[in-house]
2 protein chains.
Amino acid sequence: MSRLADKILLMTNFNTAGKSYHHDDLRQKLIDATRDMIREGGVEAVSLRKLADRVGVSRTAAYHYFKDKNDLLCTLAEEGFRYWSEELDRIFQDESKALADRYRSYIRWYMTYALENAEYYDLMFGRAIWKQNTATDSLKITSYNMFQKQVERTRQWQEQGFFNPSEDSLRLAQVSWGTLHGLARLLIDGVYTDDSHIDEMCDCAANLLMS
Amino acid sequence: MSRLADKILLMTNFNTAGKSYHHDDLRQKLIDATRDMIREGGVEAVSLRKLADRVGVSRTAAYHYFKDKNDLLCTLAEEGFRYWSEELDRIFQDESKALADRYRSYIRWYMTYALENAEYYDLMFGRAIWKQNTATDSLKITSYNMFQKQVERTRQWQEQGFFNPSEDSLRLAQVSWGTLHGLARLLIDGVYTDDSHIDEMCDCAANLLMS
DNA sequence: CATTGGAATTTGACAGTGTCAAGATTGGCT
DNA sequence: AGCCAATCTTGACACTGTCAAATTCCAATG
C-alpha cells in the first residue's frame, strides 16, 4: 500500500522509460532534446513538460540543471553562437578567393544557414532571449565576442579599400549586419513569402554593401 | 437563491464595471484595450482574460467579434499598417525638400517610430502574425498594398537616378527595407543595446543605400 | 557492513493561458 | 405580449512554467 512498495513493484516489472531513477547525463540529454524540439517546432514549441516526457523524466527534473526555461534556452543559444563564430572564421580565412567573392559567399552562407535553421536562428537572434535582459552573462560574453570579431573584420576591409573608409567601423558593421539580419528575419518570419529568389536578394544586398 | 435572482440583485446595486449585459460597441472597446495592452507590455502581454477584465466583460466575450486571439491581433496590425501607409505618403509627398533629404528623414522617421512603438512594430512585422500563415486575408491585402507602393517609389527613384537603375526595383525595395527592418529589430529586440547612437546608424544606412 | 548525508528526481499544488460547448440574458420585431 | 436572434456568461478541458515538499538513490563515512 505504501508508495515505497508500489515503486518496488514497478521497478521489478517494467519502468516505462526503461531507465531508473538516475540517468547517465541528464543535462546533456535535456540539451539535445531541446535542440530537436527547436528544430521541429521552433522556440515557441519548447515546453518543459513535453521535453521531460521526451527524455523520460518528470516535469521538473530540468530545474536541477537549469535555473528556469530561459536558462535552458540561453545554453542552447550559446552553443549556436560558438558554431556560428567558427563558421565565420572558416569562410573569411579562405584566402584562395578574392575578398569580394568571400564576402558574397558569406552573405549566401548567412542567408542559407538562417533559412535552413530558421528556428535556431530565431532563438539566437530573437527577442525571446535578448528582450528584458534575460540573457545569461555567459551568453552575453560569447555573442559580444563574435560581434567584435565582425567589427574588426569590417575595419580591415575598410583599410583594404573594400568598404568605405570614411565610415565608422562600428556603424558599418552594425548596418551591414542589420541588412542581412533584416532580410533573414523577413524571410524567416514569413513577411517575405517568396523564397525562390533568395540568391538575387543576396546579390543585390552585396552590391549595395560593397559599393 | 436562483442565479436569476442573484443577477437582479446585482444589477439593482452596482455592477462592477458599471455596465450591464449589453455594451455600446464592445468590438471597438476590445480593440482599444488591446492596443493599450500592446503598448504597455507588448504582444506577449496580451491575454484574452486580462483584456476581458479590463473591459469589464467575461472571458470569452471577445469570441463573438473575433474568431480567436490571432484574429484580434491581425485587426490591430491592420490598423497599424493603414497609419503607417499614410505616414509614408505624407513624408514622400513633401516636395519642399530634395529627394535625398526626404529619404534621410524617412529613415529617421522609420527608426524613431519603430523604437517609440516597439511593441506595436513587433506586432505588425513580427512572426506572431506572419509565421504559419495566420494573417487574415484582409491584413494580407492591406500590407501588400503598402509594400507595392514602396516598390513603385523605388522604381521612380531609380528613374531619377537616385538609386542604381540597373538593379531590379523589387530586389532594391526588399533589400533597402530589409536594412531598416534589420536595424529596427536588432534595437527593439535588445540585441543592439546601445540606443544612444541611432542617428549615426541611420546616416550610415542612408549613405550605403543612396550610394 | 550499516548509516547517514546530500544530490537527483518526483509529486502536489498554484496561478496562469486559449478555446469550445452549452446555458443565460437582452433588445428589437412581429 | 411573445418570440427570435444577437450577445454575453459559465463551466470545462487541456495546456503552460514554477515553487515547495516529499521521495529515491548513490557514495562516503563510521
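Everything numeric here is computed off the predicted structure, so don't read it as measured data. Just so we're on the same page: letters track the sequence lines, and every chain starts at 1.
- Within residues 33-47 of chain B, the residues approached by DNA chain C to less than 4.0 Å at the level of any non-hydrogen atom are B/Val46, B/Ser47, in residue-number order.
- The side chain of A/His64 places no N or O atom within less than 4.0 Å of a non-bridging phosphate oxygen (OP1 or OP2) of C/dT9.
- Counting to the nearest Å, the C1' atom of C/dT9 and the CG atom of A/Leu26 are 9 Å from each other.
- The base of C/dT11 lies close enough to the side chain of A/Thr60 for a donor and an acceptor atom to sit less than 3.5 Å apart.
- Looking at heavy-atom distances under 4.0 Å, B/Lys50 makes contact with sugar-phosphate atoms alone, never a base.
- Below the 3.5 angstrom threshold, one finds a donor paired with an acceptor across the side chain of B/Arg49 and the base of C/dG18.
- Between B/Trp84 and B/Tyr120, the ring center distance fails the sub-6.0 Å criterion.
- Rounded to whole Å, atom P of D/dC15 lies 14 Å from atom CZ of A/Arg59.
- Between the CZ atom of B/Arg27 and the P atom of D/dT7 there is a distance of 12 Å, given to the nearest Å.
- Computed from coordinates, the A/Asp53 CG to D/dG17 C1' distance equals 15 Å when rounded to whole Å.
- Outside the 6.0 Å centre-distance limit, the rings of B/Phe147 and B/Tyr144 are not counted as a close aromatic pair.
- Salt bridge status for A/Arg82 with A/Glu78: present, with a side-chain N to carboxylate O gap under 4.0 Å.
- Between A/Arg155 and A/Glu152, at least one side-chain N (NZ, or NE/NH1/NH2) sits under 4.0 Å from a carboxylate O, which counts as a salt bridge.
- The separation between B/Lys69 atom NZ and D/dC15 atom C1' is 14 Å, rounded to whole Å.
- Counting non-hydrogen atoms under 4.0 angstrom, A/Phe66 reaches nothing in the nucleic acid.
- Separating the CG atom of A/Asp25 from the C1' atom of C/dT9 is a distance of 15 Å, rounded to the nearest angstrom.
- Across the protein-nucleic acid pair, A/Leu48 atom CG and C/dT11 atom P stand 17 Å apart, rounded to whole Å.
- Around atom CD of B/Glu87, more than 12 heavy atoms belonging to other residues, nucleotides or ligands sit under 6.0 Å away.
- In this structure, B/Asp71 atom CG and C/dT19 atom C1' are separated by 14 Å, rounded to whole Å.
- Between A/Tyr65 and C/dT9, a side-chain N or O to OP1/OP2 separation shorter than 4.0 Å is present.
- Remark: B/Gln28 CD is packed, more than 12 non-hydrogen atoms of other residues, nucleotides or ligands lying under 6.0 Å away.
- For the atom pair OG1 of B/Thr75 and CZ of B/Arg27, the computed distance is 5.5 Å after rounding to the nearest 0.5 Å.
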